[in-house]
2 protein chains.
Amino acid sequence: MSLAYPLHTAHQTKPLTTAADAIDELGLRMAFAKDEEVYGQDEDADMLYRVVSGVVRTSRLMSDGRRQVGDFYYPGDVFGLEPGDAHRFAAEALTDCVVLVLKQSTLRAHADDEALTKIIWEAAARELERAQEHVMLLGRKSAFEKVASFLNEITHRGADSGHGDLPMSRQDIADYLGLTIETVSRTISRLQTAAIIEFEGCRRFHVRNDAALARLSE
Amino acid sequence: MSLAYPLHTAHQTKPLTTAADAIDELGLRMAFAKDEEVYGQDEDADMLYRVVSGVVRTSRLMSDGRRQVGDFYYPGDVFGLEPGDAHRFAAEALTDCVVLVLKQSTLRAHADDEALTKIIWEAAARELERAQEHVMLLGRKSAFEKVASFLNEITHRGADSGHGDLPMSRQDIADYLGLTIETVSRTISRLQTAAIIEFEGCRRFHVRNDAALARLSE
DNA sequence: CGTCATCTTGATTACGCTCAAGCTCCGTGG
DNA sequence: CCACGGAGCTTGAGCGTAATCAAGATGACG
């Protein structure tokens, strides 16, 4: 059972997308502490979620402990949508975060709500698009290209594309890219030596050569 | 422009799923010769497809020629559904095949058709599920496990699970698994040496040790 | 300021890739 | 019917990239 608790604060945050209100109205706001589980692998998928603040990570474990990170979800992103009726990946709070939770039953009761249907369809589309991109990255890119792609995406995800913040650990990055932490670390060092990026601390970086970073990402 | 031509044969094939009729009725039947392109990478996605006979492969090329195979589609499978409005992967006929083609415009005209909506939703769900499984395979499995997983899935896709047919080349398998043909070939040889599978010719095999194959697939 | 987790760096190993022959199978033509 | 040719598959030798094993360095937090 999750330790998360519902927040009954009445104040509305600014809608993050034009269609955000459907979930805003129907959903329940919950807070999760860093490293807390939102839902577990193989649990029933009877909720839909949207990040309000913080970052969520989905991941899946193999029986021998190998881990694959599915994706990272930022404020505004919908997650928890599953092709089947069980969660194939677990979802964990990467940082302290607030999440809007919507029951599937509520969802079905509003099946005729066009705005809601649109949100779900767009979430599914985005999920599929990212999974396909992930397949490309994992299947055919070198470690160097993987790390460059990852950092490049981080910089373009935020509004300001000259720098990036990494809320996730090196282990998270490694498990997302299908590498080891050592390889991620070494590759980041090489990117710095090549004057393509520059880190201040290990969780924040600036892009020195945007074109080179983009080229390495293919 | 595709060389495929519409077939106006009136005879109906047996529906492959209970909900198959919606596409059967609205779609146009087209034949594609082996290696012919159904649609190209980055083309507009304005059709939805379902395999009637034969096998279809989706793939994507990087600018330097590296190729990633997205998936293989068998009779009954829907493909061509895209998260955006362009095809991220090309689709090619792996064998001579017949495909049902449905225009997006026709599809929108029947947006209220529940059966059709269900087909599309299920296709999207299946697509996402397979992409996620693919991510797991590419990110965290060894060459041995990748090949074993692949062969295991082939055997369970067909009705008779004791054997498998490979309509695709070693290159196709390699590009699906993120390996080279040599590694695929060597791994298959090792699986035979280990008496887990047995090939007759290079496109057909029997499973000798189902448990071992399943275990290697995780 | 000390402690511990996280990250970086180094040395070595190994898995899968590359390059290079052979081999098999199948279609084609003599 | 068999010989030939070529594409696709297999096998081998050597190499390179990323993994593993092992210390250190950094930095967050009490």
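- Using a 4.0 Å heavy-atom cutoff across all strands shown, B:Ser185 reaches at least one base atom of the nucleic acid.
- Checked for salt-bridge contact, A:Asp172 and A:Arg67 meet the test: a charged N lies under 4.0 Å from a carboxylate O.
- The residues B:Arg204 and B:Glu198 are annotated as not salt-bridged, no charged nitrogen and carboxylate oxygen being separated by less than 4.0 angstrom.
- A:Glu43 meets the side-chain hydrogen bond (donor to acceptor under 3.5 Å, both in side chains) test with no other residue; sequence neighbours excluded.
- You can see that DNA chain C meets the heavy atoms of chain A within a 4.0 Å-exclusive cut from C:dC7 to C:dA11, reading 5' to 3'.
- A distance-only check finds a donor-acceptor pair linking the side chain of B:Arg203 to the backbone of B:Pro167 [under 3.5 Å].
- A donor-acceptor distance shorter than 3.5 angstrom exists from the side chain of B:Arg66 to the backbone of A:Arg140, with no hydrogens or angles considered.
- In summary, A:Glu92 and A:Lys34 do not engage in a salt bridge, as defined by a charged side-chain N under 4.0 Å from a carboxylate O.
- In A:Asp85, the CG atom is not crowded: 12 or fewer heavy atoms of neighbouring residues, nucleotides or ligands sit closer than 6.0 Å.
- Using modelled atom types, one side-chain atom of B:Gln68 and one backbone atom of B:Tyr176 make a donor-acceptor pair closer than 3.5 Å.
- Aromatic pair A:His206/A:Phe199: centroids not less than 6.0 angstrom apart.
- The end-to-end axis angle of the helix from C:dC1-D:dG30 to C:dG30-D:dC1, rounded to 10 degrees and based on five pairs per end, is 30°.
- At least one donor-acceptor pair under 3.5 Å links the side chain of A:Glu36 to the backbone N or O of A:Ala33.
- The closest donor-acceptor contact from the side chain of A:Lys141 to the backbone of A:Ser217 lies under 3.5 Å.
- For B:Arg126, the salt bridge (charged side-chain N to carboxylate O under 4.0 Å, His left out) partners at least two apart in sequence or on another chain are B:Asp77.
- Contacts of residues 196-205 of chain B with DNA chain D (heavy atom under 4.0 Å): B:Cys202, B:Arg203.
- Classification of the B:Tyr39-B:Tyr49 ring pair by plane angle, with boundaries at 30° and 60°, yields tilted.
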Heavy atoms under 4.0 Å is the rule here; annotate nucleotides 15-25 of chain D 5' to 3' with B where the base is hit, S where only the sugar-phosphate is, and - elsewhere. ---SSBB----

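- The distance from atom CG of B:Asp172 to atom P of D:dG8 is 10 Å, rounded to the nearest whole Å.
- Here the C1' atom of nucleotide D:dA7 and the CZ atom of B:Arg170 are 14 Å apart, to the nearest Å.
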